[in-house]
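What follows is a set of notes on a single structure, which appears directly below.
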Amino acid sequence: MPELPEVETVRRGLAPVLVGHSFKRVEQRRADLRFPLPQNFGARLRGRKVVSLERRGKYLIAHLSGGEVLLMHLGMSGRFTVHVPAKPGKTAGGRVSTAQSHANPKHDHVVFHMEQGAVVTYNDPRRFGFMLLIPAPELAHHPLMQGLGVEPLGPELTPDYLARRAAGKAVDLKAFLSDQRIVAGLGNIYVCEALFRAGLAPTRPAANLARKDGRPREHARRLAGALRAVLKDAVAAGGSSLRDYRRADGALGEFQHAFTVYDREDQACVRPGCRGTVRRIVQGGRATFLCPKCQR
DNA sequence: CCACAGGCCTGCAGGC
DNA sequence: TGCCTGCAGGCCTGTG
């Protein structure tokens with residue numbers, strides 16, 4: 001389930017084999033993912049160099065020579081696998097990947113063959129992910145980019161920002177934080193985790209963050225701090241559910257072992273001294289996990 | 001067989 | 001009228 005920490009982990013893994021390198025050949029094994037792939041996708045990428053690889057929210061953005069941008073989203077099940085060929089006379093190269101090693105090859109939809117030999121495979125069973133080619137000047141005005149909220153690990157995520165955006169909102173905190181127009185990159189897992197760290201109930205009205213007087217204002221501060229902390233920790237752990245590129249042994253991202261509430265229904269609250277039990281509720285048709293004793 | 005997982009868009013209905 | 005809100009549904013497939 002790629003959310004910001006997983007996408008950032010993917011970005012860091014892909015950057016060494018993509019940035020500064022050109023596409024030698026691109027295999028497109030089906031016409032569409034969530035959207036149709038760009039017309040003449042492979043031909044348009046061939047020979048282009050990747051100038052930089054950035055992340056914005058859950059999007060990966062590869063700036064290409066020739067003035068176009070490759071905009072990618074992993075949806076729910078998108079994974080990249082990197083295969084680096086052995087150097088002649090050196091130790092064997094290997095498979096270093098973000099993917100489960102048993103990923104079904106029938107869902108390998110796009111394969112990038114790079115000039116220097118790296119092979120980058122995009123696998124996506126559910127095909128909620130996508131790739132688009134956009135003229136660079138249009139990126140900022142693209143509907144998918146337009147209106148994206150602040151980067152939670154950047155300087156713009158402040159208590160004031162949260163309070164201002166929450167003002168007058170009737171939605172609950174779960175929906176408020178899940179809205180990519182407020183904060184870009186959060187998904188179900190990290191919304192649950194951040195609200196636990198902040199000690200705030202997911203059912204609480206977002207508008208309460210906006211009150212300037214007294215304790216409620218403290219909530220916006222706690223929430224901003226919790227969001228930053230949980231995402232920073234998760235990025236440092238290499239994400240939660242993806243293999244870490246930097247390891248040849250294929251160990252899992254470590255953060256899934258650090259979940260405090262997510263997927264822990266009926267288990268004891270991790271907060272020392274709390275005798276509470278993690279509960280699962282449904283909000284907006286999606287599971288929410290919380291400790292009712294810690295989160296008010 | 002079924003429910004569920006989750007990102008994100010669309011459509012619809014109700015309220016102010 | 002038009003916006004905000006909260007639903008449900010759809011896209012997909014693997015898993016239990």
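Here is how names work: the chains are called A, B, and so on, in the same order as the sequence lines, proteins then strands, and each is numbered from 1. Only a predicted model underlies this, so the values are computations on that prediction, with no experimental measurement involved.
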Do A:Lys49 side-chain atoms and A:Leu64 backbone N/O form a donor-acceptor pair below 3.5 Å? no
What is the distance, rounded to the nearest whole Å, between atom CZ of A:Arg126 and atom P of C:dG10? 17 Å
Can a side chain N or O of A:His73 be found less than 4.0 Å away from OP1 or OP2 on B:dC8? yes
Provide, to the nearest angstrom, the distance between the OH atom belonging to A:Tyr122 and the C1' atom belonging to C:dC12. 12 Å
How long is the line joining CZ of A:Arg79 and P of C:dT13, in whole Å? 15 Å
Does this structure show an ion pair linking A:Arg12 with A:Glu8, if we count only N-O contacts that are shorter than 4.0 Å? yes
Rounded interatomic separation in angstrom, taking CG from A:Leu148 and C1' from B:dC8: 12 Å
Please check this pair: side chain of A:Glu3 against backbone of A:Tyr190, looking for a donor-acceptor N/O pair closer than 3.5 Å. yes
Going by 5.5 Å between centroids and 30° between planes, is there a stack of A:Phe128 over C:dC11? yes
Any A:Lys58 side-chain nitrogen or oxygen under 4.0 Å from OP1 or OP2 of B:dC8: yes
Looking at A:Gln180, I'd like to know whether one of its side-chain N or O atoms comes within less than 4.0 Å of OP1 or OP2 on B:dG7. no
Gap between atoms CG and C1', on A:Asn104 and C:dG14 respectively (whole Å): 10 Å
Give, for atom CZ of A:Arg46 and atom CZ of A:Arg25, the distance between the pair rounded to the nearest 0.5 Å. 9.5 Å
What is the separation between atom CD1 on A:Ile189 and atom P on B:dG7, rounded to the nearest whole Å? 7 Å
Is A:Lys169 paired with A:Asp179 through a side-chain N to carboxylate O contact shorter than 4.0 Å? no
Would you say C:dG14 has OP1 or OP2 under 4.0 Å from some side-chain N or O of A:His107? yes
Contact class for A:Arg286 (heavy atom, under 4.0 Å): base, sugar-phosphate, or nothing? base
Given atom CG of A:Asn188 and atom P of B:dG7, what is their separation to the nearest angstrom? 6 Å
The answer to which of A:Ala170 and A:Gly285 contacts DNA chain C further toward the 5' end, by nearest nucleotide, is A:Ala170
I need the NZ-C1' distance between A:Lys169 and C:dC4, as an integer number of Å. 9 Å
Sugar-phosphate only, base, or nothing, as touched by A:Leu144 at under 4.0 Å among non-hydrogen atoms: sugar-phosphate
